[in-house]
Amino acid sequence: MNLGSAGNTEGPALYILEEVKQYTVLCYCSDDSDYVEWIAVKDGNRFVANSADELLGLVCIYEIVGEDWNKYSSYDREHIYERDLSDYFWD
């Protein structure tokens, strides 16, 4: 299976946030531009992102690592950059 972030993943992300995880989701759309901001609120916590997919990702980060999420910002990524993409993609 292949799954990538696209317009058709917005619905599932919003469903998971609202129905499964019980967040209140809001959408702020600027009147004078194409700017959209997605917001999820629950238990005094607020998450803000540019897409529903990103919003779900932020909520998952918080739910898994909690308030100390920032300590992982220096996570060593070098081994990821060194991986050969051809080892993970097939025809």
Side-chain angles (χ1 to χ4, degrees):
M1 199 249 327
N2 289 308
L3 179 63
S5 179
N8 63 351
T9 56
E10 183 177 283
L14 294 172
Y15 168 78
I16 292 167
L17 284 165
E18 290 195 316
E19 300 297 327
V20 176
K21 296 187 172 290
Q22 299 294 301
Y23 282 79
T24 300
V25 177
L26 307 147
C27 182
Y28 169 77
C29 302
S30 176
D31 291 335
D32 58 349
S33 73
D34 293 334
Y35 179 74
V36 176
E37 191 170 76
W38 291 93
I39 304 158
V41 180
K42 181 178 175 183
D43 298 332
N45 296 311
R46 184 177 60 224
F47 304 89
V48 181
N50 294 318
S51 72
D53 298 353
E54 289 178 13
L55 188 61
L56 178 57
L58 292 175
V59 166
C60 287
I61 289 170
Y62 174 76
E63 289 182 348
I64 291 169
V65 296
E67 304 237 356
D68 290 334
W69 61 268
N70 198 33
K71 76 178 183 181
Y72 298 96
S73 63
S74 61
Y75 177 75
D76 182 14
R77 304 178 256 306
E78 195 60 37
H79 65 284
I80 297 170
Y81 303 139
E82 293 172 357
R83 290 181 181 140
D84 186 345
L85 286 173
S86 65
D87 291 339
Y88 300 92
F89 286 86
W90 55 94
D91 297 329

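Only a predicted model underlies this, so the values are computations on that prediction, with no experimental measurement involved. Below, each value reflects all heavy atoms present in this structure, side chains not excepted, and no hydrogens, waters or symmetry copies.
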Side-chain donor/acceptor pairs under 3.5 Å, residues 67-76, sequence neighbours excluded:
| from | atom 1 | to | atom 2 | distance (Å) |
| --- | --- | --- | --- | --- |
| Ser73 | OG | Asn70 | O | 2.8 |
| Asp76 | OD1 | Glu78 | N | 3.1 |

Going only through I, L, V, M, F, W and Y residues with side-chain contacts under 4.5 Å, is there a path from Leu55 to Tyr15?
->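 Yes, same cluster.
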Kindly work out whether a path of hydrophobic side-chain contacts (I/L/V/M/F/W/Y, heavy atoms less than 4.5 Å apart) joins Tyr23 to Val20.
->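 Yes; tracing contacts between hydrophobic side chains, which count when under 4.5 Å, links both residues.
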If every non-hydrogen atom of Trp38 is compared with every non-hydrogen atom of Ala52, which pair is closest and at what distance?
->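 Looks like CD1-N, 3.6 Å.
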Output side-chain donor-acceptor pairs under 3.5 Å for residues 39-49, partner residues at least two apart or in another chain, one line each.
| from | atom 1 | to | atom 2 | distance (Å) |
| --- | --- | --- | --- | --- |
| Lys42 | NZ | Lys21 | O | 2.6 |
| Asn45 | ND2 | Tyr62 | OH | 3.3 |

For Asp84, what residues pass the side chain to side chain contact (heavy atoms under 4.5 Å, CB included) criterion, not counting sequence neighbours?
->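 Residues passing side chain to side chain contact (heavy atoms under 4.5 Å, CB included) with Asp84: Ser86, Asp87.
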Please list, chain by chain and in numerical order, all residues satisfying side chain to side chain contact (heavy atoms under 4.5 Å, CB included) with Leu3, sequence neighbours excluded.
->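 Per chain and number, Leu3 pairs via side chain to side chain contact (heavy atoms under 4.5 Å, CB included) with Met1, Thr9.
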Spatial distance of atom SG (Cys60) from atom CD1 (Ile16) [nearest 0.5 Å] |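 The distance works out to 7.5 Å.
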From the options Val59, Ile61, Val65, select the one residue that forms a side-chain contact (heavy atoms from CB on, under 4.5 Å) with Glu63.
->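 Single side-chain contact (heavy atoms from CB on, under 4.5 Å) partner of Glu63 among Val59, Ile61, Val65: Val59.
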Those residues that, when tested against Ser5, pass side-chain hydrogen bond (donor to acceptor under 3.5 Å, both in side chains) (two or more places apart) |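 By the side-chain hydrogen bond (donor to acceptor under 3.5 Å, both in side chains) rule, Ser5 matches Asp53.
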